[in-house]
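Sequential numbering from 1 along the given sequence is applied to the chain's residues. All heavy atoms count here, side chains included; hydrogens, waters and symmetry mates do not.
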Amino acid sequence: MRKFLVVLDDSRECLNAMRFASMRAAKTGAGVTILSVIPPEEFQHWIGVGDIMREEARERIEAHFEVFAKWMRDKQGIDPELVIREGEVVPEIMAHIHEDDEVGILVLGAGTDSKGPGPLVTQMTRSAGTLPIPITIVPGEMSKERLEEIT
């Protein structure tokens, strides 16, 4: 089954990427994988403290995921998969794309402030020419109604 890959982070634009991916998946019979990456700098402490912080980060991600997953199940009939990786964000996204051959599209949300679309969109579009899958960039300002129209 083809899957849409969406990156779960703390950005506001992440919401529109989630909406778009789930709506498209529902209409095309695809699945959704939600990827969250825990950066290594969160664990640069003593081993015991780092382990506790790692577990807290996982719990925070799982709670955040459940909010999106419930909406996807209830509104779109999609049961998303959660993948949590540790490392630098872009290399971990690339690694996941190469490891899961069912991933067919990477969906990212673009930021809306004057600084540009956000660091993740900027970094991933630099690699777009060598990616084995297309990237869909969803504007952060796009309304839910407009998303429904275009999906």
(message) Phe65: which residues meet the ring pair (Phe, Tyr, Trp, His ring centres under 6.0 Å) condition with it, sequence neighbours left out?
(response) none
(message) My understanding is that only residues two or more places apart in sequence, or in another chain, count here; which of them pass side chain to side chain donor-acceptor pair (under 3.5 Å) with Thr28?
(response) Arg2
Can you list everything that forms a salt bridge (charged side-chain N to carboxylate O under 4.0 Å, His left out) with [X]? Sequence neighbours excluded, please.
| X | answer |
| --- | --- |
| Glu141 | none |
| Asp113 | none |
| Lys27 | none |
| Asp74 | Lys70 |

(request) Write down the atom of Val107, the atom of Ala21, and the distance for their closest heavy-atom approach. (result) CG2-CB, 4.2 Å
Using the side-chain contact (heavy atoms from CB on, under 4.5 Å) criterion, which residues pair with [X]? Sequence neighbours excluded.
| X | answer |
| --- | --- |
| Glu148 | Met23, Lys144 |
| Ser143 | Glu145, Arg146 |
| His96 | Leu5, Thr33, Leu35, Val83, Arg85, Asp100, Val103 |
| Val121 | Leu108, Pro117, Thr125, Ile137 |

(message) Salt bridge check, Arg60 against Glu55: does any charged N sit closer than 4.0 Å to a carboxylate O?
(response) no
(request) Could you tell me whether Arg54 and Glu59 make a salt bridge, using a distance below 4.0 angstrom between a side-chain N and a carboxylate O? (result) no
(message) Enumerate the side-chain hydrogen bond (donor to acceptor under 3.5 Å, both in side chains) contacts for residues 12-24, please, sequence neighbours excluded, ordered by first and then second residue.
(response) Arg12-Thr112, Asn16-Arg19
(message) Against Val32, only a single residue in Met18, Gln76, Met72, Lys3 fulfils side-chain contact (heavy atoms from CB on, under 4.5 Å); can you say which?
(response) Met72
(request) I would like to know whether Ile61 and Leu82 meet side-chain contact (heavy atoms from CB on, under 4.5 Å); could you show each step before the answer? (result) CA-CA 9 Å; Ile61 289 166; Leu82 175 63; 4.2 Å; yes
Could you measure the distance from the [atom1] atom of [X] to the [atom2] atom of [Y]? Nearest 0.5 Å is fine.
| X | Y | atom1 | atom2 | result |
| --- | --- | --- | --- | --- |
| Glu102 | Ile133 | CD | CD1 | 12.5 Å |
| Ile34 | Asp9 | CD1 | CG | 11.5 Å |
| Met53 | Ile38 | CE | CD1 | 10.5 Å |

(message) For a 4.5 angstrom cut-off between non-hydrogen side-chain atoms, does Thr136 reach Leu106?
(response) no
